Every structure is written in structure tokens, then in C-alpha cells.
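Comments concern the structure below.
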There are 2 protein chains.
Amino acid sequence: MAAPTSDRVAGVARALKLLEIITLGPADGMNLTELSKKIEISKSSTLALLRTMTDAGFVRIKEPGPRYLPGMTLLRLGDLSRTTQPIDEIAQTYIPALAQEIGMTIRVALNEGGRPVFISRADAPGSVRFHTMLGAKEFPSVSSAGKAILANLSDEEIAAVIDETGLPTRTKHSHGSLSSLMRDINQVRARGYAIDDEEDVEGIFCIGAAFFDHAGRCGGAISATGIKTAARQKRTAFFGAQVVKCADAITKELHGRRAR
Amino acid sequence: MAAPTSDRVAGVARALKLLEIITLGPADGMNLTELSKKIEISKSSTLALLRTMTDAGFVRIKEPGPRYLPGMTLLRLGDLSRTTQPIDEIAQTYIPALAQEIGMTIRVALNEGGRPVFISRADAPGSVRFHTMLGAKEFPSVSSAGKAILANLSDEEIAAVIDETGLPTRTKHSHGSLSSLMRDINQVRARGYAIDDEEDVEGIFCIGAAFFDHAGRCGGAISATGIKTAARQKRTAFFGAQVVKCADAITKELHGRRAR
DNA sequence: AACCGTGTTCGGCAACGCCGAGCATCGCGA
DNA sequence: TCGCGATGCTCGGCGTTGCCGAACACGGTT
């Protein structure tokens, strides 16, 4: 974007951007002129890109009046890139049971430079379904998984991460300052798990706990999400213990296997 | 590949191929020389492609001795391309319950020109986890979902599809001829659901039933997969009815909403 | 029937990205 | 400790590629 395009392949960058536009676009697809306007490339060039990506299965054409949709190759590679993560298989064996047990939606996030990237999810039966953007980097300050990860960084590292990401104020409970966040983080360190009390979404309550890879570094965190109710509030300590127990089990499994 | 590269963008095609190689490659990634050899492109050009894709987040670099891995953008877009399918949300509300009820792994496939493409999965608690390649086109002749889809095509269309895909003999129970398959298909039509009795994998037993979109066309199928046991065999009719019931529920939901 | 708006084709100019050679760096073994 | 090989990375020149704009074809609408 702002970077010098030297020794990069402009055509590929445009294609990937186009792919993202298509995927983020409306569910019934976009047509050629819409796409070409959006990406600011001539129609003929846009068409060439689309054709190339269609050949490779990354883009699907929906007749009539050709509309372009994300193709199945994208889904295939995306799924594959998740399942090859060693953590995924482990998580899939522990997560559904926890979701069942405490009746909350469980999510798994990787630690990407101090920020959580959610890669997996398990719903509790009958629970409200929470929309999760898999693969997207979340703000660490407004999610319990993010805070659980932060708690394992040094104070300087935390400051550096927050300096980059900023502190979004999603609700009136969101942390507005670094010092406020740090007070919370210190509680997390003492408590062993993180709490997100309506800091991301009004009425939503989360508990998060970190797990650690074979080198002892924080590999990520799991979090439990649910509607904030009085009954649930009362049992926070119990739920917290369950989440920590599950995270610890994942840590143990991770230690059992080499990086390969 | 074999097609004339006219009005296609060669650079993009190479990049996408590279992306696929990386994703299909080993879990700990590949280095530059390996990749450049595999794709048969000079190292410098390969590097330029990798850098471009890294900028866009499609490729991730793992230090040390830079190894290249699929990036998080791939996961994000892949997940997004699935969740924007109208079928996905519906399936996610019905599928886990069915998995729970009959104790088998449930999968959802779309109908892509007569071939099943699996886009979603729900495991039964405690069941063996079956490895599923999401987004990949399966052979229609060796899966119950595939046969459930085929059963809704005309005999000529079936012949055309099989002519393209061929009849792979995965096990000794796989259909070896079109006539053998057609006999099976006719049973499916009469019965209302398809059975895969060790035709894909030795010892694995599946039941599949189709669902239909708002235009009345076969939109895909769901299938239940499990280890073949005597107890399960005996209750085939009951399980079949449950799978059909679930597929019908999905059909009803699909009718309720416009293409939008 | 004329008119937009769409998708698609075509040709020419030049920029872009491909390649191979050379340099820097790391890691392993003697 | 030193040297050698392999790997990642840089650089510049040549040639091809892929970009663009204009023109064409088609369909639906007024």
C-alpha cells in the first residue's frame, strides 16, 4: 500500500486485493463493473484477473449476468491451513466438551505478536450463536483471550502492543487508558484467568485462560463467551477454574509433541 | 495449464499455485529453494511472489531460516466464504443436534455440478474424528452424500458426471461399473436416502440425504458417518429416517429465504 | 426503436517483472 | 578456528507481459 512496490509483484497484489473484496462483498456476489470500480482498475484488467482466479478455483462465477463469488479452493486452503496447525486437533478434542459442560461458546485464539487470532470455535448446545471472525486479528484489550495473552508478556511488551493497536472503546466498560488496562492485567496474573465484563459487547461476559507451547511461551488462549446473567456471575470462580483446567490440558498436550 | 494463457495473468496463476503448494506442504513450512524447485520458477521470482503474498497476509514467515507457511488471511477469507453461504448458518443449527442424537459425524456438502463439495462438519461427542477435506470435490460414487445428490439427476446427467470423474475403486465394495452404480442409485430413489457401505473406506458406514433450494433443485446433501458395527447396522432404517428428517428441515429453511 | 449499461474482444505501447549472476550470511564439519 | 557449502537476498538489463482505452456485441428498459 504505502510501502515501495519494489521487488513485489503488483499484479499479484491486485489479485489478492480483489479476492478480499469479493469475499468481503455481498453474499450474492458482485459484477465486473462494480468490482473494477471498487478496486480502481480498468474493466479489461479486472476481467483478466478474475478469469485467472476462476481457473484456479479461487473465484466462482454465478450466472446469470456473471457475478463473482469466493470459490471453493479458498475454503479448502483456509480449512487446510487451520487443520495443519498442531493446536487445532488438540483443541477439537477438548473444546466441545468444555462448551457442553459450562454451557458457553468456547473459542481458541493463537498468540500473534501479543494479539489474539481466533482459529476455532465450539458452540454450546442451545446457546446463542456468536458470530466470530476466524483468522482476524482482534484487539487484545477488549477480549478475555487477548488479556489472557497479554498477561504473559512483560509490562514493556504490553505497552508496545497497545501502542500499536490503540485502545478501542467498544462499550462504556472498555479500558480507556493503559493504566486501567494494567490494573486489570495484574488481576489476571494473580487470578490465573482473564475476565471480559461487557468490555467488547454490551451484555456479553467472557472468561479467558492462556496455554503454552513446548518452549514455555504463551501460544494462545481459550475463552468462554456467554450472555451476562446473575446466575452466571455467581459461578464465575467455578467457570474460571474449568476454563483454566482446559487450557492446562491443552498445554500438556502441546508439550507432548515436538514442533515437527 | 493446458489452456491457452491468453487474457490470463500468468503471474497471478503462479502465485496461486505457490499458495496451494505452501498450504499442501509440510506443517512446518518450506524454505525458498524447496519452493522454487517445486514450482519450477527462479528463486528471485519466487521470492518476489512470496513477499507480495506475505504483505497481504496470505503467507506467514516462520523464523529462523525463513520458512513459509499459510497465513491467517487465508483462514479468514476461507471461513468468511463459508459463513456467507446461506446454507451454513442453517446447517450449524441443525447439524450438531443430529450428530448428538444418532452419535455419528455429520457433514454438509453442496452440489457442484453433480459432485459433492463438503463445506461443514459436526462431530458426535466421543466419536472417532474423521478427517474431512473441506472445500474439496469428492467423487460422487464413493460417498453417501454424493450418491444422494446423483439420485436427483437424470440418468443421462449421471452418466455424464461419471464419465468425467470415473469410478475410483477405493475398496472392494466400491462400484466398478456404471450399471452397478445405477442399481444402487435406483434404490436410493426408492428409499429416500443413500447408503455407503464401506465403499469409500473399509469399515466405515455412511447414510446421506439430499436437500433442495428454493427453486426445487438439489442444493446438496448431508451425510452421517460412523464405524460399521452390528448394532448400527440393525438401526439403519431409523438413522436413515433421522437424516432425511434433518435434510427436510434444511430444505424448509432454505425455502423460507430468498437468494439475496 | 433507440438507448443505456453490461460483458467481452483486440491491438499497441511501455512498464513490469522475470531471470541469472554475484554478494552476504549462516551453519556445519574438520 | 577456519573454510566450505548451501541458503537467502540484491541488482540491473533484456524481453515479454499484462495493462489500458476504444470499439464491439448483447439485453433489458423506457
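Sequence lines set the chain letters: A, B, ... in the order given, protein chains first and strands last, and positions in each chain run from 1. Because the structure is predicted, anything quoted here is derived from the model rather than measured.
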Exercise for review: Apply side chain to side chain donor-acceptor pair (under 3.5 Å) to Ser45(A) and list each qualifying residue two or more places apart in sequence or on a separate chain.
Suggested key: Ser42(A)
Practice item. Could I get the full list of side chain to side chain contact (heavy atoms under 4.5 Å, CB included) partners for Leu47(B), not counting sequence neighbours? Key: Leu32(B), Arg51(B), Tyr68(B)
Check your understanding: So which nucleotide from dC9(D), dG7(C), dG17(C) ends up closest to the side chain of Val9(A)?
Key -> dG17(C)
Check your understanding: Can you tell me how far C1' of dC9(D) sits from CG of Asn31(B), to the nearest Å?
Key -> 13 Å
Review point. Taking five pairs at each end, how big is the angle between the two axes of the helix from dA1(C)-dT30(D) to dA30(C)-dT1(D), to 10°?
Key: 40°
Practice item. Kindly state which residues belonging to residues 39-46 of chain A come within less than 4.0 angstrom of DNA chain D, counting heavy atoms of the residue only, listed by number. Key: Ile41(A), Ser42(A), Ser44(A), Ser45(A)
Check your understanding: Reckon Arg14(B) has a side-chain N or O less than 4.0 Å from the OP1 or OP2 of dC18(C)?
Key -> yes
Check your understanding: Residues two or more places apart in sequence or in another chain: which of them pass salt bridge (Lys or Arg N to Asp or Glu O under 4.0 Å) with Asp79(A)?
Key -> Arg82(A)
Study note, to complete from the structure: Sequence neighbours excluded, the answer for salt bridge (Lys or Arg N to Asp or Glu O under 4.0 Å) partners of Arg121(A) is Asp123(A)
Exercise for review: May I ask you to evaluate whether Arg51(B) reaches the phosphate of dT10(D), defined as a side-chain N or O under 4.0 Å from OP1 or OP2?
Suggested key: yes
**Study point:** Contact list for residues 139-150 of chain B, test salt bridge (Lys or Arg N to Asp or Glu O under 4.0 Å), sequence neighbours left out
**Key:** Lys147(B)-Asp184(B), Lys147(B)-Glu199(B)
Review point. Residues two or more places apart in sequence or in another chain: which of them pass side chain to side chain donor-acceptor pair (under 3.5 Å) with Asp155(B)?
Key: Arg189(B)
Exercise for review: Measure from CG on Leu35(A) to C1' on dG5(C) and round the result to the nearest Å.
Suggested key: 16 Å
Practice item. Have a look at Leu32(A) and say if it touches a base, only the backbone sugar-phosphate, or nothing, with a 4.0 Å heavy-atom cut-off. Key: base
Review point. Considering only heavy atoms from C-beta outward, does the side chain of Leu50(A) approach that of Ile22(A) to under 4.5 Å?
Key: yes
**Study point:** Gap between atoms CG and C1', on Leu47(B) and dG17(C) respectively (whole Å)
**Key:** 13 Å
Practice item. Considering only NZ, NE, NH1 and NH2 on the basic side and carboxylate oxygens on the acidic side, decide whether Lys62(B) and Asp28(B) come within less than 4.0 Å. Key: no
Practice item. Go through the structure and list residues passing side chain to side chain contact (heavy atoms under 4.5 Å, CB included) with Ala56(B), not counting sequence neighbours. Key: Leu16(A), Phe58(B)
Practice item. Taking side chain to side chain donor-acceptor pair (under 3.5 Å) as the test, write out the residues that go with Glu20(A), two or more places apart. Key: Arg76(B)
Check your understanding: Who passes side chain to side chain donor-acceptor pair (under 3.5 Å) against Glu34(B), sequence neighbours left out?
Key -> none
**Study point:** Integer-rounded Å distance: dG8(D) P and Leu50(B) CG
**Key:** 10 Å
**Study point:** Presence of Arg67(A) side-chain N/O under 4.0 Å of dG7(C) phosphate oxygens OP1/OP2
**Key:** no
Review point. Base, backbone or nothing for each nucleotide of nucleotides 24-30 of chain D, written B, S, -, heavy atoms under 4.0 angstrom, 5' to 3'?
Key: -------
Practice item. For Glu34(B) and dG8(D), give me the distance from atom CD to atom P, rounded to whole Å. Key: 8 Å
Practice item. Round to the nearest Å and state the distance from Arg8(A) atom CZ to dC9(D) atom C1'. Key: 12 Å
